[in-house]
Structure formats: structure tokens, C-alpha cells
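Some notes on the structure that comes next.
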Amino acid sequence: MSVTLRYFAWVRERIGKTEEVVDLPAGIRTVGDVVAWLAGRGEEYAYAFENPKVVRAAIDRAHVRADAAVAGAREIAFFPPMTGG
Amino acid sequence: MTVRLQREDFDAAAEAAAMTRGRTDIGAVVTFTGICRDHEAGQGVTALTLEHYPGMAEEEIARHVEEAQARWPLLGVTVIHRYGRLVPGDNIVLVVTASAHRAAAFEAAEFLMDYLKTRAPFWKQEERPQGNAWVEAKQTDDAAAGRWDRPSERDAAE
């Protein structure tokens, strides 16, 4: 399944990319599965997701939790807790 | 409802005036402006850069404005959030709420600010004399936002 991944704030800085298109391997069902797979792709990803509970996610621009299913997602974003306002 | 994300500055007084112009049903307008300050936790801050998630930020704010409109009898809502690099003294965010009576306007403005702090996809990076640092989310902000959650939403908001 091809999906666009987007990264923001220090997740973006650690990975060194703002976005990328990836083919998710078979067997990946949830956001948590994506995080575990990404963390194994290299040091920069491992650093970004060293504390996976801190990193937040959104599927197609809506907040989701780690157990959310990724089937049909066009865009998955990863970012730190928000600090707007 | 007006929701705008922009690099440019805004004029809080002009936005409030635009909301009430030609109307006689509005009895209360609350205007909140968040401003970039020159210190945080005892350390100097020389600038603030706000990163956002284009598209999601507008949608997320609009969703919360709709939520505010469902909870309080509002006669007008304007939210403007800036992004990019700001220096101390610059405006960051504006919330204007109007209602027939003050309680709804005050509460809705506070509700919107609490949610902007914790749920709108913006991230602040501070420039300090010692180097740049991403602002960490504050538990006090989470607690402030949590008081608006209905019991069924508490789980989803975690």
C-alpha cells in the first residue's frame, strides 16, 4: 500500500525529511505498526521514534491513536505534542 | 465563522469591529490576543518560529469553532493564527467571540484557546541566546483543555 508520510517539528528534523511516499509492507495494520516499521529503517528514524508514546499521529488530517487502522489512508503524519496558541 | 492562518499581522480591534458592525443583537464581544513574549521559564527568548500542518490546521480549528457554536449561543467567531518567525511583541493568535450575553462569549473564547494550545497542529520553536529549542507541551495546557471534555471524549483526547 502506497502512502504519503509527513513529518513535523522535531520529528521532521530528526528524520531529515518533510515527507516521503512509501510502500507499507504487508502485515502493517495500525499506526503503531507503521511506527515500529519506520523505527527499523535507520538511525534517524530510530531517533525520531525513540519514545513512540510521545509522537502523535494523524491520518488524512485527523488525529488518531496508535491503534488506528491505516487501511485506505492517503496521508499519515507524525509530530510531537502540539504547542500552538 | 472566520478562520484564517497567515504570516501577516492582524488587527484585533478591527476584527472585533467587523464582527459587530451593523448588528444590534450582540451584547458581548470577547477578544483574546496571544503575544510573543521575551522570556520563558526564566530564560530569554529572542524569537519564535511557528510551524503548522497546512490543511489540517484549518480543518482542526474549524471543527473546534463548530463545537463552540454547538455548545454556546454564539453570534460570531473569528480565529486567526499566525505562522512563521515572530519576535517578542508580535501577535500570535486572535480569538474573537460574540454573543448576546458575556458568559457565552468568555467561555467560548477560553474553550477555543485551550483547544488551540493542545489540539491544533502547530509547533513552536524558540530562539534563545543558548540555541534553538522546540517548546514542550505543558501538562497545565492539557489539564486546561481536558476540563472541556465530555466524559465520552476523554479517552479519545488522550
Side-chain angles (χ1 to χ4, degrees), chain A residues 2-22 29-32 34-35 38 44-85, chain B residues 5 32-36 40 48-64 79-83 91-95 109-126 132-142 144-145 153 155-158:
Chain A
S2 179
V3 64
T4 300
L5 303 181
R6 301 185 68 175
Y7 310 115
F8 293 94
W10 56 252
V11 176
R12 168 180 58 73
E13 286 185 342
R14 290 180 180 191
I15 291 173
K17 294 175 186 170
T18 58
E19 62 176 85
E20 61 185 320
V21 177
V22 299
R29 291 188 174 78
T30 67
V31 168
V34 176
V35 169
L38 283 173
E44 66 274 34
Y45 292 94
Y47 181 35
F49 295 104
E50 65 180 356
N51 188 352
K53 284 190 175 169
V54 172
V55 178
R56 309 294 178 92
I59 292 180
D60 296 334
R61 301 175 177 178
H63 291 292
V64 294
R65 291 166 53 143
D67 59 1
V70 297
R74 292 186 304 274
E75 181 173 297
I76 307 175
F78 296 99
F79 42 79
M82 291 140 286
T83 53
Chain B
L5 270 60
F32 173 86
T33 305
I35 299 169
C36 179
E40 181 61 39
L48 201 59
T49 298
L50 273 139
E51 179 172 335
H52 74 295
Y53 185 169
M56 181 173 171
E58 292 90 330
E59 291 171 16
E60 189 66 22
I61 293 171
R63 261 198 292 275
H64 285 114
V79 177
I80 301 175
H81 205 307
R82 296 181 68 190
Y83 58 86
N91 292 326
I92 303 173
V93 61
L94 174 72
V95 170
E110 204 164 16
F111 165 89
L112 285 167
M113 275 311 304
D114 285 344
Y115 272 87
L116 285 171
K117 286 264 175 198
T118 54
R119 301 279 289 173
F122 288 85
W123 301 274
K124 289 191 185 111
Q125 190 179 45
E126 290 172 349
N132 293 2
W134 291 98
V135 173
E136 287 190 31
K138 293 187 181 127
Q139 291 202 332
T140 49
D141 287 337
D142 284 335
E153 289 168 354
D155 204 35
E158 271 171 16

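Chain A is the first sequence line, chain B the second, and so forth, proteins listed ahead of strands; every chain is numbered from 1. Since we're looking at a predicted model, the values are computed, not measured.
Rounded to the nearest 0.5 angstrom, A:Phe79 CZ and B:Met56 CE are separated by 4.5 Å. B:His52 NE2 to A:Met82 CE: the interatomic distance, rounded to the nearest 0.5 Å, is 14.5 Å. If you take CZ on A:Phe8 and OH on B:Tyr53, they are separated by 5.5 Å, rounding to the nearest 0.5 Å.
Counted within 6.0 Å of OH on B:Tyr83, heavy atoms from surrounding residues, nucleotides or ligands total more than 12; the atom is thus considered enclosed. Within 6.0 Å of the CD atom in A:Glu44, the count of heavy atoms belonging to other residues, nucleotides or ligands exceeds 12.
Closest heavy-atom contact between B:Val135 and A:Thr83: O-CG2, 3.4 Å.
A donor-acceptor pair is defined here as one N or O able to donate and one able to accept, closer than 3.5 Å; such a pair exists between the side chain of B:Lys124 and the backbone of A:Gly84. Looking only at distances, a side-chain donor or acceptor of B:Trp123 sits under 3.5 Å from a matching main-chain atom of A:Pro80.
Under the 4.5 Å side-chain criterion, counting only non-hydrogen atoms from C-beta, A:Arg61 is not in contact with B:Glu60.
Among the candidates A:Ala9, A:Ala62, A:Ala58, the residue making the largest number of heavy-atom pairs closer than 4.5 Å to chain B is A:Ala9.
Using a 4.5 Å cut-off between heavy atoms, B:Arg63 contacts chain A through its side chain alone, with no backbone atom that close.
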